[in-house]
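One structure below.
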Amino acid sequence: MSTYAEPVSRPRIPPELKVLIVSAFIIAIGFGIVAPILPQYASDFGVSALAVSAVVSAFGLFRLLFAPLSGRLTQRLGETPVYVVGLLIVAASMIATAFAPSYELLLIFRAVGGIGSTFFTVSAMTFLARKAPPQIRGRVSGAYASAFLIGSVAGPLLGSALLVFGQRVPFLVYGGALILAAGFVFIMLRQSRLEDRHNKDQRQRATLAEAWEHTSYRAALVSAFANGWATFGVRNSIVPLFAASAFVGGGFIIDSGQLAGVALATFAVGNVAVVLTLAKRSDQWGRRPPIMIGLSVAGVATGLLGLSPEPWVLLVLSLIAGAGTGLIVPAQQAAIADIVGEGRNGGPVVSTFQMTQDLGGILGPLLAGALVDHLSYGWAFGITGLIMIVGAAAWTVAPETLPARSDNLSD
C-alpha cells in the first residue's frame, strides 16, 4: 500500500480562500474584457505598432519593477490591505484609461495599473501560501487558477458585446468590477484582517535568503521564467501574428484573422480542462511530476508551432500546449507555498517568483520577435520550446516539496 495514501477526511477549502477565488474570477473576466480591445484603443491615437506594443509592455514592466515593494508591503501591512489597495489602483487606472486624452497619459495609466496588479498578485499568492492547509495546497492553487482561466475565457466574449456601447465602456466596466471586488474582499475578510493585525508581530517570516537555499525554489524560478516567456509572453504576442500571416488564403473554414483568436481560445480550453481535472492531483503525486511533465509537453508542442503545415495542426498543438501549461501553474504555486510554509509570511519569496515570471513575459516577446524578423517563426517557437525544456530539466535535480513526500527540503 502506498505511504502517500489520501487521508480519510481531507480539509475543506477555508471560506476566506473562497473569497479570493471569487475575486480572482471577477478580475480575470475584467482583464479578458479589455485585453483584446486595448491594442486597437491605443492605435486610435495615431501611433506606431511599436508604440502600441509599449502600452501592453508597460503593464508587465511596472509589475516587475514594483514586485519587491509589494513583497515588503505584504510583510509589513498584511496581505489583505495590500490586496485591496492593489485592486483599487488597477480600478483607478482602468477608469483613467477610458478617458485618456493622449497617448502619453494612456501609457502612464497602464504603467500605474501594473503597480496595482503586482500588489494584489503577490499578496494573494502569499495569502494562499499561508492559509491553505498543506494537504490541499494543489487543490487550492488549482481552484484559484481555474477561476482566472474561466474568467479569461468568458471575458473576451463579454468585451465584444460591450463594444457596441463604445470603446470606453469595457474599461469602465472593468474598473467598476474591480471596485466591487475590492469591497467584497474588504468586507468578507474583515475578521481575517483583524486577526492578522493582532498576530502580525508573532508571525514567522520566510526570507528570500532562506528560500534560495532550497534547490526546489531555484528550480521554481527557472520554470517560472520559462513559463512566463512562453505563456504570458510569446503566446500572446507571436502566436496571433503567426496565425494571422502564415495561413492567408489557405481556404480554412475561418479566415486567418479569426484563426489567431481561435488558437488562443483553443490553448485556453486545453488549459482549463487540465486545471479543472488534474491540478489537485499534485497533492497526491507531488509537485515535481506535474511541473516536469507540463513543461516538457508544452515545450514540445510550442516548439513545433512554427512548423505547422495546416491551421488544424496549429490548433491541435495549441490545445496540447494549453494542457501542458495547465499542469505547470497550480503545481508551481503549490511548491512555492510548500517552501514558504503554513502560517508564515513569505512576501519577498513570492514577489521574487512573480518578478522572475514577469521578466520572462517581457523578454520573451522581444527576443522572439527579433528571431521572427531575422530568421523565422520556426526559430522563434523552437527557442521558446527549448527554454521550457530547460525549465523542466531544472526540476530533475530538485527535491519534492510536498511535505508528506519530502525527506529534506533544505538539501
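Here the structure is a predicted model, which means the values were calculated and not measured.
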Test item: Phe225 and Leu363 side chains (from C-beta on) under 4.5 Å apart, heavy atoms: yes
Report yes if some heavy atom in the side chain of Val297 is under 4.5 Å from a heavy atom in the side chain of Leu327; otherwise report no. no
Would you indicate whether the side-chain heavy atoms of Met388 and Ile328 approach each other to under 4.5 Å? yes
A side-chain contact here means heavy atoms from C-beta on lying under 4.5 Å apart; do Leu305 and Tyr377 qualify? no
For the atom pair OG (Ser117) and CD1 (Ile27), what is the distance rounded to the nearest 0.5 Å? 8.5 Å
When rounded to the nearest 0.5 Å, the distance separating CZ of Phe66 from OG1 of Thr118 is 10.0 Å
Under 4.5 Å between any side-chain heavy atoms of Leu178 and Leu88, yes or no? no
Quick one, Phe120 and Val82 - any side-chain contact, counting heavy atoms below 4.5 Å? no
Work out which heavy atom in Ala124 is nearest to a heavy atom in Tyr83; give both atom names and the distance. CB-CE1, 3.7 Å
Distance-minimising heavy-atom pair for Ile389 and Gly299: CD1-CA, 4.5 Å
Chi angles and distances behind the side chain to side chain contact (heavy atoms under 4.5 Å, CB included) call for Phe99, Leu172: CA-CA 9 Å; Phe99 297 103; Leu172 295 175; 3.6 Å; yes
In Å, rounded to the nearest 0.5 Å, how long is the span from CD1 of Ile383 to CG of Leu375? 9.0 Å
Taking all non-hydrogen atoms of both residues into account, name the closest pair between Ala226 and Gly391 and its distance. CB-CA, 4.4 Å
Non-hydrogen side-chain atoms of Phe186 and Pro81 separated by less than 4.5 Å: no
Out of curiosity, Ser308 OG to Leu317 CG, how far, rounded to the nearest 0.5 Å? 5.0 Å
Under a 4.5 Å cut-off applied to non-hydrogen side-chain atoms, are Val85 and Leu73 in contact? no
Take Phe119 and Val90 through the side chain to side chain contact (heavy atoms under 4.5 Å, CB included) test and state the conclusion after the steps. CA-CA 10 Å; Phe119 278 14; Val90 179; over 6 Å; no
Please give me the minimum heavy-atom distance between Phe353 and Tyr217, naming the atom from each residue. N-OH, 3.7 Å
For Ser93, does its backbone N or O pair with a side-chain atom of Thr97 as donor and acceptor, under 3.5 Å? yes
Quick one: closest heavy-atom pair of Asn227 and Thr325, and the distance? OD1-CG2, 3.7 Å
Heavy atoms only: give me the nearest Ile336-Ala220 pair and the separation to one decimal. CD1-CB, 3.9 Å
Under 3.5 Å: donor-acceptor pair, side chain of Arg110, backbone of Phe59: no
